[in-house]
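What you see is a predicted model, and the numbers here were worked out from it, not measured in a lab.
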Amino acid sequence: MAKIEPQIDKYGTLARASFLADYLEVVALRDRRVKLSSLQDLIEDTYTRVKQILRPGGEEAVDANGNPVASWKATDLADEAWTSILERAEALGDKYPFTVQGKVLRRAEGLDPADSAYVSLLAITMSHAFKIPTPVSVEHLLEEVVSDSLENVGFHVGRLGPLSRANGSDFIRTMNALGEHLSIPINPNATTRRRNANDEDVDVVAHLDWGVSRHGRWLFIGQVTCAVSDSWRNKAQEPVPLDWQQFFGEAIAPVPFLAIPHHADHDTFKYVARVDVNILDRTRLVQNLHANSPDQRRVVEAFMASDYASFKV
């Protein structure tokens with residue numbers, strides 16, 4: 001049976017702190033409260049020799065000849081996890097389903113986890129990482145959640161995943177259906193593509209519609225993934241804007257983005273975004289979500305029923 005445990009590389013090496021923050025939230029949801037000191041003790045007892053991610057900004061250092069060299073600092077995983085918790089609380093306000101008091105994280109009073117958009121994204125992330133059996137595919141559900149969030153911001157959204165599956169993964173039929181849905185002419189044969197392509201590595205197309213049928217449309221193409229953090233840079237570069245510019249027959253290439261159910265901390269966000277692709281992560285998604293869909297609620301219920309390792313003895 002799947003069990004949620006403190007395995008710090010479950011989200012990859014770039015998201016260790018984010019994983020540990022999620023783990024604290026999992027325990028707080030079940031046990032009602034959790035202390036940062038419990039995580040600190042766990043790391044000290046279990047992960048003292050783990051390879052740490054280095055960040056710029058350590059104390060100034062010199063080489064054997066006294067010349068300045070680039071300085072780095074090793075991360076403190078417990079402190080970084082707590083910083084992630086504080087970032088989430090500040091960004092989301094009342095939409096964050098926990099309260100922070102001192103060094104204690106508490107489940108919000110009167111919370112029904114199935115009602116919380118935040119918990120639904122946490123459930124998707126954890127369910128994928130730990131292979132928790134869910135009534136629907138969490139990968140497909142994430143595509144829907146990302147699309148819902150974009151629509152709530154005001155975009156007209158083309159959901160490539162459902163369109164591709166409804167059209168037997170036939171690229172031409174899928175693109176024709178996308179063009180019809182967005183009311184935008186699309187030529188699926190406008191440029192070279194793979195013979196067996198089904199979506200050209202794009203899961204969501206978002207159109208900021210100004211109501212004028214002419215060139216110069218504001219288009220965005222997104223890759224949606226539950227994959228581990230070490231793959232985010234590569235995943236972010238899978239959509240090729242110049243190819244999609246040809247498909248749309250546009251004068252300007254669409255803007256690519258990567259959507260993930262994780263919380264990308266500040267340094268990881270900057271590292272991934274350095275490939276000129278923006279990131280739509282958990283806090284941004286949650287801020288623009290309303291009521292959970294029936295599928296979101298069912299995934300939360302499966303997640304809450306799963307086994308987990310508590311700090312309690």
Side-chain angles (χ1 to χ4, degrees), residues 2-4 10-11 15 18-19 21-30 84-85 88-89 91-98 105 107-166 203-206 222-228 257-264 279-308:
K3 182 177 182 179
I4 299 173
K10 267 297 183 181
Y11 294 173
S18 183
F19 169 78
D22 280 9
Y23 180 68
L24 283 172
E25 292 174 347
V26 168
V27 176
L29 280 172
R30 314 298 188 84
S84 288
I85 293 288
R88 300 170 188 189
L92 293 172
D94 291 342
K95 289 194 173 184
Y96 189 55
F98 305 92
L105 183 70
R107 171 172 162 168
E109 194 69 30
L111 174 74
D112 181 349
D115 289 338
S116 169
Y118 183 92
V119 176
S120 78
L121 267 295
L122 177 64
I124 288 171
T125 315
M126 279 283 178
S127 297
H128 182 270
F130 286 94
K131 297 180 170 57
I132 296 170
T134 52
V136 296
S137 162
V138 291
E139 293 93 338
H140 294 172
L141 178 59
L142 179 60
E143 293 174 7
E144 297 296 336
V145 170
V146 169
S147 298
D148 289 345
S149 185
L150 288 166
E151 285 181 347
N152 290 339
V153 173
F155 287 101
H156 192 186
V157 177
R159 308 179 185 218
L160 265 292
L163 288 175
S164 178
R165 291 187 285 275
D203 298 306
V204 177
V205 173
Q223 167 71 215
V224 180
T225 185
C226 294
V228 297
F257 66 91
L258 176 72
I260 55 175
H262 312 74
H263 169 214
I279 304 173
L280 188 58
D281 72 346
R282 184 185 302 164
T283 56
R284 292 166 176 81
L285 290 168
V286 168
Q287 195 64 270
N288 296 291
L289 290 172
H290 305 320
N292 281 350
S293 68
D295 282 345
Q296 284 174 271
R297 298 180 66 88
R298 292 164 66 200
V299 167
V300 169
E301 289 164 1
F303 158 69
M304 291 297 295
S306 65
D307 196 10
Y308 75 108

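Once rounded to the nearest 0.5 Å, the distance linking CG of L122 with OG of S116 reads 8.5 Å. Interatomic distance, CG of N292 versus CG of L121, reported as 9.0 Å (0.5 Å rounding). Once rounded to the nearest 0.5 Å, the distance linking CZ of F98 with CG of L24 reads 9.5 Å. Rounded to the nearest 0.5 angstrom, T225 OG1 and E139 CD are separated by 8.5 Å.
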Can you check side-chain contact (heavy atoms from CB on, under 4.5 Å) on I260 and L142, steps first, answer last? CA-CA 8 Å; I260 55 175; L142 179 60; over 6 Å; no
CA sep, side-chain torsions, deciding dist, call: R282, T125, side-chain hydrogen bond (donor to acceptor under 3.5 Å, both in side chains): CA-CA 10 Å; R282 184 185 302 164; T125 315; 3.3 Å; yes
Can you check side-chain contact (heavy atoms from CB on, under 4.5 Å) on R30 and M304, steps first, answer last? CA-CA 8 Å; R30 314 298 188 84; M304 291 297 295; 3.9 Å; yes
side-chain contact (heavy atoms from CB on, under 4.5 Å) for F303 and L29? Distances and angles first, verdict last. CA-CA 11 Å; F303 158 69; L29 280 172; 4.0 Å; yes
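With sequence neighbours excluded, the residues that form a side-chain contact (heavy atoms from CB on, under 4.5 Å) with S149 are L285, N288, L289. Evaluation of the salt bridge (charged side-chain N to carboxylate O under 4.0 Å, His left out) rule for R165 yields E143 as partners, not counting sequence neighbours. Not counting sequence neighbours, the partners of S293 by the side-chain hydrogen bond (donor to acceptor under 3.5 Å, both in side chains) test are Q296. Legend: residues meeting side-chain contact (heavy atoms from CB on, under 4.5 Å) with S147, ordered by chain and number and at least two apart, are V157, R159, V204. Take S127 and apply the side-chain hydrogen bond (donor to acceptor under 3.5 Å, both in side chains) test, not counting sequence neighbours, and it matches no residue. With sequence neighbours excluded, the residues satisfying side-chain hydrogen bond (donor to acceptor under 3.5 Å, both in side chains) with D295 are R298. The side-chain contact (heavy atoms from CB on, under 4.5 Å) search around R284 returns F269, L280, D281, not counting sequence neighbours. When the side-chain hydrogen bond (donor to acceptor under 3.5 Å, both in side chains) test is applied to D115, the partners found at least two apart in sequence or on another chain are R297. For Y118, the ring-ring contact (aromatic ring centres under 6.0 Å, His included) partners are Y96, not counting sequence neighbours. Listed by chain and residue number, Y11 satisfy the ring-ring contact (aromatic ring centres under 6.0 Å, His included) test with F19 (two or more places apart in sequence, or in another chain).
The backbone N or O of A2 lies less than 3.5 Å from no partner atom in the side chain of D307, so there is not a single donor-acceptor pair. D22 places no side-chain N or O within 3.5 Å of a backbone atom of M126 that could act as its donor or acceptor partner.
Between S120 and V300 the shortest heavy-atom distance is CA-CG2, 3.5 Å. A21 and I85 get closest at one heavy-atom pair: O-CD1, 3.6 Å. The heavy-atom pair separating A91 from Q287 by the smallest distance is O-NE2, 2.8 Å.
Within the 4.5 Å cutoff, the side chain of I4 has heavy atoms near those of the I132 side chain.
Among residue pairs with one or both ends in residues 128-160, those qualifying as ring pair (Phe, Tyr, Trp, His ring centres under 6.0 Å) are F155-F220, H156-H181; sequence neighbours excluded.
None of R107, H263, R88 except one satisfies the side-chain hydrogen bond (donor to acceptor under 3.5 Å, both in side chains) rule with E25; the exception is R88.
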